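First the structure, in the form of structure tokens, and then the observations on it.
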Amino acid sequence: MNIHEYQAKALLRDYGAPVSDGRVVMKAEEAKTKASELDGPLWVVKAQIHAGGRGKGHFKEESAGEKGGVRLAKSVEEAAEEAKKMLGRTLVTHQTGPAGKQVNRIYIEAGSGIETELYLALLVDRQTSRVSFVCSTEGGMDIEEVAASTPEKILSFSVDPATGYQPFHGRRIAFALGLEGPQVKQCVSLMGTLYKVFTERDMEMLEINPLIVTDGGDLKVLDAKFGFDGNALYRQPDIANLRDETEEDSKELEASKYDLNYIALDGEIGCMVNGAGLAMATMDIIKLYGAEPANFLDVGGGATKEKVTEAFKIITSDKNVKGILVNIFGGIMRCDVIAEGVIAAVKEVGLEVPLVVRLEGTNVDKGKEIIANSGLNVIAADDLKDGAQKIVKAVKG
Ligand code: GDP
Ligand code: MN
């Protein structure tokens with residue numbers, strides 16, 4: 001689960017990390033009052049969406065010469081104006097995809113004077129099974145370009161979980177970032193704080209880009225992107241409360257309510273499968289025969305008819321879906337339950353695209369019989385290969 005920049009900064013502030021003072025604005029009328037609570041001479045007005053690259057992004061239907069999703073203002077009035085201009089509009093960045101994201105919240109921050117922009121991240125490195133710090137002297141809006149063309153400028157340091165964070169980690173990072181004098185001490189302290197928040201709050205990803213040296217020579221967190229482990233949210237209720245459902249895929253949100261493992265993808269073939277391995281294999285074979293999956297969906301082992309019905313409804317609600325492949329290997333999951341769920345869903349929402357059903361395993365005969373007697377226009381398939389070929393043919397002709 002991701003949170004907004006202003007929420008991440010509030011969390012950092014609680015842990016004692018250096019961040020600027022700021023106010024979140026939800027309604028245009030509040031903008032001026034909120035901005036006037038901050039000291040000038042510079043204000044930064046920042047669109048809050050769960051995607052990076054805002055500074056270099058652009059708004060849909062933008063007027064000539066308009067700036068991106070991060071704007072500098074020289075007065076309270078100007079800051080309020082910029083906030084009003086951005087609220088409610090759609091911001092497109094290289095991370096949002098062409099559809100962009102609607103901006104419903106603005107963060108106004110007391111502006112900082114910048115000496116240098118650095119890059120810093122913490123992540124769970126699956127290769128070493130450790131938490132790693134990743135850093136670079138080349139922070140700012142071109143970090144992707146740095147990673148692509150000069151990867152040697154990005155360094156990483158892993159932390160042994162047996163010792164946890166130690167000051168020498170911070171000194172190494174400070175050295176790698178070219179910090180000097182009192183900045184080294186600030187870095188040792190800030191890295192300790194970041195490691196603490198990362199581990200205590202069950203985070204998966206923490207990115208600060210840029211981490212800056214201010215014109216006064218101090219370290220400061222200028223941007224913050226945090227991702228949390230969804231499986232640990234039950235023990236982080238205050239983090240779970242920060243969830244902004246408007247930022248999430250509505251189909252994925254619906255699926256999570258029914259405990260379905262669902263990920264929306266860009267293709268045209270909707271898949272309903274049981275078991276993560278079979279779901280992966282189904283996606284692969286759809287690609288093999290020349291089409292793209294519209295989703296990953298594992299209905300799970302002991303799914304009920306209701307759960308299957310919901311899963312089917314989520315698939316059909318996706319406008320990109322031009323055909324559906326139901327691929328079930330009945331083990332704990334019974335084929336007749338799947339068949340009943342599919343039929344119940346079709347009765348409720350209708351079926352406007354071709355449907356291929358491949359059932360195998362427990363109660364397969366009963367399942368096939370239910371489908372055959374349903375009067376539905378279903379294409380039956382014998383095995384995975386047959387099913388994939390049939391659905392691709394039905395969709396692509
Ligand atoms: P992102 O584009 O979504 O990553 O948004 P950031 O919060 O990283 O802001 C983009 C850029 O705006 C930064 O790299 C800075 O160059 C600039 N910026 C952000 N805040 C300030 C500020 O307080 N003062 C100044 N001078 N520039 C800022
Ligand atoms: Mn940034």
Side-chain angles (χ1 to χ4, degrees), residues 126 230-231 249 251-252 254-318 320-346 351 353-372 374 376 378-396:
R126 298 192 188 272
N231 292 322
D249 182 283
K251 299 187 292 305
E252 288 181 15
E254 195 60 20
S256 71
K257 287 184 195 150
Y258 293 93
D259 207 21
L260 296 159
N261 298 308
Y262 174 91
I263 312 271
L265 300 168
D266 297 329
E268 65 276 66
I269 297 187
C271 312
M272 184 156 90
V273 190
N274 68 322
L278 188 58
M280 300 284 242
T282 305
M283 290 162 55
D284 281 349
I285 203 164
I286 286 172
K287 277 177 172 278
L288 181 68
Y289 289 116
E292 294 286 326
N295 66 279
F296 168 95
L297 173 62
D298 168 15
V299 293
T304 58
K305 181 180 141 191
E306 286 69 34
K307 216 166 143 177
V308 173
T309 309
E310 286 311 318
F312 202 83
K313 286 205 283 200
I314 290 165
I315 294 175
T316 51
S317 73
D318 183 347
N320 293 327
V321 168
K322 303 282 181 284
I324 300 170
L325 173 58
V326 174
N327 181 25
I328 299 295
F329 190 89
I332 301 168
M333 184 82 236
R334 287 161 26 208
C335 292
D336 54 318
V337 172
I338 291 284
E340 280 174 0
V342 169
I343 288 162
V346 172
L351 182 64
V353 295
L355 170 64
V356 172
V357 177
R358 177 259 176 163
L359 298 174
E360 192 54 81
T362 310
N363 289 4
V364 62
D365 293 336
K366 212 168 155 193
K368 284 184 172 168
E369 194 185 311
I370 293 168
I371 299 264
S374 67
L376 289 183
V378 175
I379 307 166
D382 298 324
D383 54 36
L384 183 48
K385 186 176 160 189
D386 187 40
Q389 283 174 332
K390 280 179 170 156
I391 191 62
V392 174
K393 184 154 178 274
V395 168
K396 299 240 164 180

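Not measured: the values here are computed from a predicted model. We number each residue from 1, following the sequence as shown.
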So, [X] side chain and [Y] main chain: donor-acceptor pair closer than 3.5 Å or not?
{"X": "T362", "Y": "R334", "result": "no"}
{"X": "K251", "Y": "A264", "result": "no"}
{"X": "N320", "Y": "E268", "result": "no"}
{"X": "D383", "Y": "D386", "result": "yes"}

In Å and rounded to the nearest 0.5 Å, what is the [atom1] to [atom2] distance from [X] to [Y]?
{"X": "I370", "Y": "L359", "atom1": "CD1", "atom2": "CG", "result": "9.5 Å"}
{"X": "Q389", "Y": "L325", "atom1": "CD", "atom2": "CG", "result": "11.5 Å"}
{"X": "E369", "Y": "C335", "atom1": "CD", "atom2": "SG", "result": "13.0 Å"}
{"X": "L278", "Y": "M333", "atom1": "CG", "atom2": "CE", "result": "13.0 Å"}
{"X": "I315", "Y": "C271", "atom1": "CD1", "atom2": "SG", "result": "7.0 Å"}
{"X": "Y258", "Y": "T309", "atom1": "OH", "atom2": "OG1", "result": "10.0 Å"}

CA sep, side-chain torsions, deciding dist, call: I391, Y289, side chain to side chain contact (heavy atoms under 4.5 Å, CB included): CA-CA 10 Å; I391 191 62; Y289 289 116; over 6 Å; no
Please walk me through it: do L297 and N261 pass side chain to side chain contact (heavy atoms under 4.5 Å, CB included)? CA-CA 6 Å; L297 173 62; N261 298 308; 5.9 Å; no
Does [X] reach the side chain of [Y], with side-chain heavy atoms less than 4.5 Å apart?
{"X": "V357", "Y": "I379", "answer": "no"}
{"X": "L355", "Y": "V326", "answer": "yes"}
{"X": "D284", "Y": "L288", "answer": "no"}
{"X": "P293", "Y": "K287", "answer": "yes"}
{"X": "V342", "Y": "M272", "answer": "yes"}
{"X": "I324", "Y": "F312", "answer": "yes"}

Closest non-hydrogen atom pair, [X] against [Y]:
{"X": "K305", "Y": "A344", "result": "CE-CB, 3.8 Å"}
{"X": "N274", "Y": "I328", "result": "OD1-CA, 3.5 Å"}
{"X": "A311", "Y": "V299", "result": "CB-CG1, 3.9 Å"}
{"X": "G267", "Y": "A294", "result": "O-CB, 3.3 Å"}
{"X": "A381", "Y": "V356", "result": "CB-CG1, 3.8 Å"}

Take D298 and L260 through the side chain to side chain contact (heavy atoms under 4.5 Å, CB included) test and state the conclusion after the steps. CA-CA 7 Å; D298 168 15; L260 296 159; over 6 Å; no
Salt bridge (Lys or Arg N to Asp or Glu O under 4.0 Å) between E310 and K307: does it pass, once the steps are laid out? CA-CA 5 Å; E310 286 311 318; K307 216 166 143 177; over 6 Å; no
Is it the case that atom NZ in K313 sees more than 12 heavy atoms from other parts of the structure closer than 6.0 Å?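 Atom NZ in K313 is crowded, with more than 12 foreign heavy atoms closer than 6.0 Å.
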Check against side chain to side chain contact (heavy atoms under 4.5 Å, CB included), M283 and I269: CA-CA 9 Å; M283 290 162 55; I269 297 187; over 6 Å; no
Applying the side chain to side chain contact (heavy atoms under 4.5 Å, CB included) test to E252, which of I263, I314, N295 qualifies?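 Going through the options one by one, the only one that passes is I263.
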